[in-house]
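The residues of the chain are indexed from 1 along the displayed sequence. If you're wondering where the values come from, they're calculated on a predicted model, not measured in any experiment.
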Amino acid sequence: QVQLVESGGALVQAGNSLRLSCAASGLAFSMYQMGWFRQAPGKEREIVAAIGWTGNNVYYADSAKGRFTISRDNAKTTVTLQMNSLKPEDTAVYYCAGRRAYELAYVGADYNYWGQGTQVTVSS
């Protein structure tokens with residue numbers, strides 16, 4: 001079956017960096033559009049970044065632009081989120097998600113598969 005497993009979450013100080021990884025299995029990964037979402041306590045889930053099949057088509061939420069970078073390795077079936085200059089407001093559970101489609105999607109309901117999430121906590 002399809003599995004998405006995130007890793008890399010941690011407690012870090014503001015200004016530091018983290019690299020989240022999502023390992024995918026059980027799917028034709030190169031034909032899946034992937035995304036990173038996050039959900040902070042008491043807030044709705046929101047998209048952080050999305051990436052197309054080849055990695056050439058990417059999207060970033062305004063909050064992520066200039067600080068985060070999404071990338072994928074189709075040979076290793078992984079998608080990563082490099083997060084730099086972290087802020088306390090980046091504190092959330094981060095989820096990897098996938099959908100078998102070409103075009104990018106920005107809403108969680110459009111994604112078919114989800115990981116279990118990884119906690120990112122940024123202290124001030």
Side-chain angles (χ1 to χ4, degrees):
Q1 74 270 21
V2 176
Q3 280 194 315
L4 302 176
V5 180
E6 302 97 334
S7 61
L11 168 63
V12 296
Q13 288 190 325
N16 283 358
S17 299
L18 273 179
R19 185 177 180 88
L20 304 184
S21 293
C22 173
S25 61
L27 72 168
F29 184 76
S30 62
M31 297 178 71
Y32 273 69
Q33 185 251 303
M34 303 299 293
W36 283 98
F37 288 76
R38 68 185 183 187
Q39 187 166 21
K43 294 189 177 181
E44 293 188 354
R45 181 177 59 194
E46 62 177 3
I47 190 166
V48 177
I51 189 166
W53 288 5
T54 64
N56 292 334
N57 190 15
V58 296
Y59 165 85
Y60 296 99
D62 287 344
S63 59
K65 287 179 182 176
R67 299 188 300 129
F68 295 2
T69 302
I70 188 171
S71 61
R72 66 188 295 160
D73 186 331
N74 286 345
K76 296 182 179 179
T77 66
T78 58
V79 58
T80 59
L81 184 69
Q82 177 67 43
M83 304 188 294
N84 299 329
S85 303
L86 284 163
K87 305 175 181 179
E89 51 263 43
D90 293 319
T91 295
V93 177
Y94 283 70
Y95 298 91
C96 172
R99 61 192 291 263
R100 184 162 180 162
Y102 180 77
E103 65 277 6
L104 298 184
Y106 316 111
V107 178
D110 290 335
Y111 287 78
N112 305 111
Y113 300 104
W114 293 83
Q116 83 288 350
T118 186
Q119 177 70 48
V120 172
T121 303
V122 184
S123 64
S124 57

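Val120 and Tyr95 are assigned to two separate hydrophobic clusters, defined by single-linkage of ILVMFWY side chains at heavy-atom distances under 4.5 Å. In the hydrophobic cluster analysis, where Ile, Leu, Val, Met, Phe, Trp and Tyr join through side-chain heavy atoms closer than 4.5 angstrom, Trp36 is grouped together with Leu27. By the rule that hydrophobic residues join a cluster once side-chain heavy atoms approach within less than 4.5 Å of another member, Leu81 and Ile47 end up as members of separate clusters. Cluster annotation: Tyr111 is connected to Leu104 through the hydrophobic network of ILVMFWY side chains, with a link wherever side-chain heavy atoms come within less than 4.5 Å. Tracing side-chain contacts under 4.5 Å through hydrophobic residues (I, L, V, M, F, W, Y), one never reaches Phe37 starting from Val2; they form parts of separate clusters.
Distance check: Tyr94 OH to Ser7 OG gives 15.0 Å after rounding to the nearest 0.5 Å. With rounding to the nearest 0.5 angstrom, the CD atom of Gln13 is 5.0 Å from the OG atom of Ser123. To the nearest 0.5 Å, atoms CG (Asp110) and CZ (Arg99) are separated by 5.5 Å. Atom CZ of residue Arg38 and atom CD of residue Glu46 lie 4.5 Å apart, to the nearest 0.5 angstrom. Rounding to the nearest 0.5 Å gives a distance of 9.5 Å between OG of Ser85 and CG of Asn16. In this structure, Phe29 CZ and Arg72 CZ are separated by 4.0 Å, a value rounded to the nearest 0.5 Å.
One finds no salt bridge joining Asp90 and Lys87 here, because no Lys/Arg side-chain nitrogen approaches an Asp/Glu carboxylate oxygen to under 4.0 Å.
In this structure the side chain of Ser21 never reaches within 4.5 angstrom of the side chain of Thr78, judged on heavy atoms. Side-chain atoms of Trp53 and Met31, non-hydrogen and from C-beta on, do get closer than 4.5 Å to each other. At a threshold of 4.5 Å between non-hydrogen side-chain atoms, the residues Thr54 and Tyr102 do not count as touching. Between Ile70 and Met34, every side-chain heavy-atom pair lies at or beyond the 4.5 Å cut-off.
When all heavy atoms of Thr80 and Arg19 are compared, the pair lying nearest together is OG1-NH2, 3.7 Å. Contact detail for Ala64 and Val48: the closest heavy-atom pair is CB-O, 3.7 Å. Between Val5 and Gln116 the shortest heavy-atom distance is CA-OE1, 3.8 Å. Across Asn84 and Ser17, no two heavy atoms sit closer than the pair OD1-OG, 2.9 Å. Heavy-atom minimum distance, Gln39 versus Ala92: O-CB, 3.4 Å.
Below 30°, between 30° and 60°, or above 60°: for Tyr59 and Tyr106 the angle between ring planes is between 30° and 60°, a tilted geometry. A tilted orientation is assigned to the rings of Tyr32 and Tyr113, their planes being inclined by 30° to 60°.
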| request: Evaluate the criterion side chain to side chain donor-acceptor pair (under 3.5 Å) for residue pair Thr121 and Gln119; output intermediate values, then yes/no. | output: CA-CA 6 Å; Thr121 303; Gln119 177 70 48; 3.3 Å; yes
